[in-house]
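These figures come from a predicted structure and were not determined experimentally.
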Amino acid sequence: MTHVRTVLFDRDSILAEDTPDLDRVRPAPGAREALGLLRLHGVRTGFVAVQPGIAHGRLSDADVRAVNHRVDELLGSFDIWGVCPHGPEDGCHCRPPEPGLILWAAGRVCTGPADCAVVGTAADAEAAARVGAHGILVPDERTRPEETARAGHVAPDVLTAVRALLTGPPQGRVLVDERPIEAAFEKGEA
């Protein structure tokens with residue numbers, strides 16, 4: 001059984017399709033099953049979202065809250081949501097790879113970094129590592145090969161990442177079937 005008490009996910013592309021349009025929000029493949037496993041084992045769940053559209057005036061706080069509520073409706077109630085409303089040029093402490101958003105979210109559910117895991121982008125995994133949390137990269141079409149090479153742990157999908165977390169802290173660099181890193185980018189069987 002895991003000692004991870006809270007798992008934070010990148011909202012866009014890990015849990016749901018990356019869209020500000022409420023009508024287009026859909027769960028990502030494996031997200032429902034992954035969250036169900038965590039909840040069954042009493043692990044708290046949350047998500048974080050980087051929303052530079054707020055800083056640039058393309059989105060309002062209300063738009064982001066509406067998408068967050070929609071994700072909650074589709075995937076079940078989360079223990080915590082966290083949003084970074086800053087643009088990359090703002091130099092904030094909450095935008096990954098800075099760890100502020102992860103520390104804030106974990107603190108809100110009374111979880112220390114060592115008992116927290118973050119499943120998401122390369123920046124999310126780096127932010128987790130900076131504070132001693134368990135970071136797992138789930139590569140997507142935007143992930144660069146050098147980001148995958150730097151990641152401490154890589155899973156081909158969210159469900160694989162969660163299954164690995166439920167057996168204890170992540171062991172090994174490529175989780176579960178120990179496929180080569182290149183296979184994490186392939187669609188279908190390795």
Taken in chain and number order and not counting sequence neighbours, the residues that satisfy side chain to side chain donor-acceptor pair (under 3.5 Å) with Arg70 are Glu73

Distance-only criterion, 3.5 Å: show the donor-acceptor pairs between side-chain atoms of residues 80-87 and protein atoms not counting sequence neighbours.
none

Listed by chain and number, what are the side chain to side chain donor-acceptor pair (under 3.5 Å) partners of Arg130, not counting sequence neighbours?
-> Glu98, Glu126

Determine, using the 4.5 Å side-chain heavy-atom cutoff (strictly less than), whether Leu35 and Val138 are members of one ILVMFWY cluster.
-> yes

Rounded distance [0.5 Å steps], CD1 in Ile136 versus OG1 in Thr121 | 13.0 Å

How many angstroms lie between atom NE2 of His153 and atom CG of Leu165, to the nearest 0.5 angstrom?
-> 9.0 Å

Please report, to 0.1 Å, the donor-acceptor pairs under 3.5 Å made by any side chain of residues 105-116, with sequence neighbours excluded.
from	atom 1	to	atom 2	distance (Å)
Thr111	OG1	Thr6	OG1	2.7
Thr111	OG1	Val109	O	3.3

ILVMFWY cluster, Leu8 and Leu74 together (side-chain gap under 4.5 Å) | no

Minimum heavy-atom separation for Ala31 to Val158, with atom names?
-> N-CG1, 3.8 Å

Can you list every pair that meets salt bridge (charged side-chain N to carboxylate O under 4.0 Å, His left out) and has a residue in residues 39-59, with sequence neighbours left out?
-> none

Set of residues satisfying ring pair (Phe, Tyr, Trp, His ring centres under 6.0 Å) with respect to His93, sequence neighbours excluded = none

Return the set of residues passing side-chain contact (heavy atoms from CB on, under 4.5 Å) with Ala16 (not counting sequence neighbours), or none when no residue passes.
-> Val25, Val71

Look up atom CG in Leu40 and atom CG in Leu37, then write down how far apart they are to the nearest 0.5 Å.
-> 7.0 Å

Listed partners of Glu89 passing side-chain contact (heavy atoms from CB on, under 4.5 Å), at least two apart | His56

Just by modelled atom types, is the Asp23 backbone N or O under 3.5 Å from a matching donor or acceptor in the Arg26 side chain?
-> yes

Can you get from Phe78 to Val4 by hopping between Ile, Leu, Val, Met, Phe, Trp and Tyr side chains that sit under 4.5 Å apart?
-> yes

Contacts of Asn68 that satisfy side chain to side chain donor-acceptor pair (under 3.5 Å) - sequence neighbours left out | Arg11

So do the side chains of Trp104 and Val48 get within less than 4.5 Å of each other, counting heavy atoms only?
-> no

From CG (Leu75) to OG1 (Thr45), nearest 0.5 Å = 9.5 Å

Thr167 and Arg163, any side-chain heavy atoms less than 4.5 Å apart | no

Any donor and acceptor pair, going by atom type alone, linking the side chain of Asp63 with main-chain N or O of Ser60 inside 3.5 Å?
-> yes

Could you list the residues that satisfy side-chain contact (heavy atoms from CB on, under 4.5 Å) with Ala55, not counting sequence neighbours?
-> Asp90

Where do Val119 and Ala161 come nearest, in terms of heavy atoms and distance?
-> CG1-CB, 4.0 Å

For Asp12, enumerate each residue passing the side chain to side chain donor-acceptor pair (under 3.5 Å) test, keeping only those at least two apart in sequence or located in another chain.
-> Gln51

Could you walk me through whether Leu38 and Leu166 pass side chain to side chain contact (heavy atoms under 4.5 Å, CB included), step by step?
-> CA-CA 8 Å; Leu38 290 171; Leu166 289 172; 4.0 Å; yes

Do you know which two heavy atoms are closest between Glu147 and Leu137, and how far apart they sit?
-> O-CD2, 4.0 Å

Verify the ring-centre separation between Phe9 and Phe47: is it less than 6.0 angstrom?
-> no

Closest approach of Pro96 to Asp124 (non-hydrogen atoms, all atoms of both residues) | CG-OD1, 3.4 Å

Pairwise distance SG(Cys94) to CD1(Ile102) - rounded to 0.5 angstrom = 11.0 Å

Please assess Val118 against His134 for the test side chain to side chain contact (heavy atoms under 4.5 Å, CB included), listing each intermediate value before the final yes or no.
-> CA-CA 6 Å; Val118 181; His134 307 282; over 6 Å; no

Is there side-chain contact between Leu15 and Pro27, with heavy atoms separated by less than 4.5 Å?
-> no

